[in-house]
There are 2 protein chains.
Amino acid sequence: MALGTDYDGQDCSLARALELVGERWTPLILRDAFIGVRRYGDFLDHLDIPRAVLAARLQALVDAGVMARQRYQDAPPRDEYVLTAMGRDLWPALHLLSQWGERHLSEQGPRRVYTHLPCGSQLQNGSCPACGAVRPEDVEVRPGPGAAQTRTDAVSVALREPHRLLEPLRTP
Amino acid sequence: MALGTDYDGQDCSLARALELVGERWTPLILRDAFIGVRRYGDFLDHLDIPRAVLAARLQALVDAGVMARQRYQDAPPRDEYVLTAMGRDLWPALHLLSQWGERHLSEQGPRRVYTHLPCGSQLQNGSCPACGAVRPEDVEVRPGPGAAQTRTDAVSVALREPHRLLEPLRTP
DNA sequence: CTCCTGAGTTCGGTGAATGAACCTACGGCA
DNA sequence: TGCCGTAGGTTCATTCACCGAACTCAGGAG
């Protein structure tokens, strides 16, 4: 944000959570991470976020244990950012907020459709009508009728095909 | 934040939602509204938020249709801010984020305990294990073992007793 | 008439976000 | 050996939102 950064006097777990994942850009970074974005450059291209802010947010998320930085290639050395268990646990909250946006702010119908792969049904209210709670890795995203397809960055293009959450996105 | 204010190029319902309810302070204002806070002065005392920011946020929420401003007294004229249906629909998302904070950031156990009044069971993962989805007006909040009770503003004091969500808080 | 309360608005100072330019490490290639 | 390209950052001046104290305003109450 500019969300200052903290909410000192609040004895409230929501305030604590927001200090960590409520800063400007952070929820979108996490959404991208669930989608399968892992590399600094891909976050950068897809979010149009200032480089310094992205670096600061990723560092804060790693420090807090929401994401982890891990080597995926040695020559040249390259790291990627992946969600930890604590980070993956954010999925229901993030997904429900996104669905609220779809319900109340999308004119053209849903921009993305979420399917529970084990049973094939579409998610409702953040869970599977048939199976109950879902794990993000069992969910597939697909563009819906409200999708715009105006962006041409590598991540947006890759997302025009159906894609399983948390699976690394193949970018050129 | 400072959360700037918008996320222009993002074709994503999460970005749209965040432009509305992701600004600094806004989630805490909404949490208070669910708790039953309705008056400008009560928000002010409970949140320690700058007056100008509170006024701007409430106005934005009213403009967006998330809250409504209604007269509750004519002499002198006084208005209160209450959640609309669109606003009340945010409860699952807000509650899940708060629960994530409880699970991962509360050292002393939960600060607040949520009970589904019709059946008496405690909420898990944002819904009732017995009944499924819950409406906020059917939920009771009570301080839990991790509650601090350090604040002495009227709202915090009123919340030391069990309280039904959305019910107006009685402040002196 | 004066004081008090609730609900804001105004305004100078501060700190975070922004974006362009720069830096660094490494590999490939001529 | 030198040069170029790429990925992943850091630096820095500017802009903008937040902050908080002071002020305003409307309407009772005494």
Asker: Determine the minimum heavy-atom distance between A/Leu61 and A/Leu20, stating which atoms define it.
Answerer: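 Nearest heavy atoms, A/Leu61 then A/Leu20: CD2-O, 4.2 Å.
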Asker: Which heavy-atom pair separates A/Glu19 from A/Glu23 by the least distance, and what is that distance?
Answerer: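 Shortest heavy-atom separation between A/Glu19 and A/Glu23 comes out as O-CG, 4.2 Å.
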Asker: If you assign A/Ala75 and B/Pro77 each to the DNA chain C nucleotide with the nearest heavy atom, which residue ends up on the more 5' nucleotide?
Answerer: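 Nearest nucleotide further toward 5': that of B/Pro77.
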Asker: Can you check the A/Phe43 CZ to D/dA7 P distance for me, whole Å?
Answerer: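 These atoms are roughly 16 Å apart.
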Asker: What is the distance, to the nearest angstrom, from the CG atom on A/Asp42 to the P atom on D/dA7?
Answerer: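 It works out to 9 Å between those atoms.
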Asker: Would you kindly give the CD-to-C1' distance between B/Gln73 and D/dA26, to the nearest whole Å?
Answerer: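 So the CD-C1' distance, B/Gln73 to D/dA26, works out to 13 Å.
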Asker: Whole angstroms only, please: what is the CD1-P distance between A/Ile29 and C/dA17?
Answerer: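 Atom-to-atom, A/Ile29 to C/dA17, this comes out as 11 Å.
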Asker: Is it the case that the side chains of B/Ser13 and A/Ser106 hold a donor-acceptor pair, with the cut-off being a distance below 3.5 Å and no angle test?
Answerer: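 Judged by distance alone, the side chains do not pair up.
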Asker: When you get a sec, tell me which of D/dG27, C/dG19, D/dC19 is the closest nucleotide to the side chain of B/Arg24?
Answerer: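 Nearest to the side-chain atoms of B/Arg24, counting from C-beta on, is D/dC19.
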Asker: Would you please test B/Asp48 and B/Arg151 for salt bridge (charged side-chain N to carboxylate O under 4.0 Å, His left out) and show each step?
Answerer: CA-CA 11 Å; B/Asp48 296 330; B/Arg151 298 189 59 92; 3.0 Å; yes
Asker: Quick one: which of D/dC19, C/dG19, D/dC18 gets closest to the side chain of B/Arg57?
Answerer: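 For B/Arg57, the side-chain atoms sit closest to D/dC18.
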Asker: Would you kindly give the CG-to-C1' distance between A/Asp74 and C/dC26, to the nearest whole Å?
Answerer: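 Atom-to-atom, A/Asp74 to C/dC26, this comes out as 12 Å.
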Asker: Over how many whole Å does the gap from A/Arg71 atom CZ to C/dA25 atom C1' extend?
Answerer: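 The distance from CZ of A/Arg71 to C1' of C/dA25 comes to 11 Å, rounded to the nearest Å.
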Asker: Please report, rounded to the nearest Å, how far the P atom of D/dC18 is from the CH2 atom of B/Trp25.
Answerer: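 Going from B/Trp25 (CH2) to D/dC18 (P), I get 11 Å.
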Asker: Please report the closest heavy-atom contact between B/Ala33 and B/Phe43, naming both atoms and the distance.
Answerer: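 Here B/Ala33 and B/Phe43 meet closest at N-CE2, 4.0 Å.
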Asker: Quick one: does A/Arg78's side chain get under 4.5 Å of A/Pro76's, heavy atoms only?
Answerer: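 Side chain of A/Arg78 against side chain of A/Pro76, heavy atoms only: contact under 4.5 Å found.
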Asker: Keeping to residues at least two apart or across chains, list the ring pair (Phe, Tyr, Trp, His ring centres under 6.0 Å) pairs with something in residues 106-131 of chain B.
Answerer: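 Counting only pairs at least two positions apart or across chains, the ring pair (Phe, Tyr, Trp, His ring centres under 6.0 Å) contacts touching residues 106-131 of chain B are B/His95-B/Tyr114.
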Asker: Provide, to the nearest angstrom, the distance between the CD atom belonging to B/Glu19 and the P atom belonging to D/dA17.
Answerer: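 Roughly 13 Å, once rounded to whole Å.
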Asker: Could you write out each protein N or O paired with an N or O of nucleotides 8-14 of chain C at a distance under 3.5 Å?
Answerer:
residue	atom	partner	partner atom	Å
C/dG8	OP1	B/Arg69	NH2	2.9
C/dG8	OP2	B/Tyr81	OH	2.9
C/dG8	N7	B/Arg51	NE	2.9
C/dG8	N7	B/Arg51	NH2	2.7
C/dG8	O6	B/Arg51	NE	3.0

Asker: Which residue, B/Tyr72 or A/Pro76, contacts DNA chain C at a nucleotide closer to its 5' end, judged by nearest heavy atom?
Answerer: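 Final value for this comparison: B/Tyr72.
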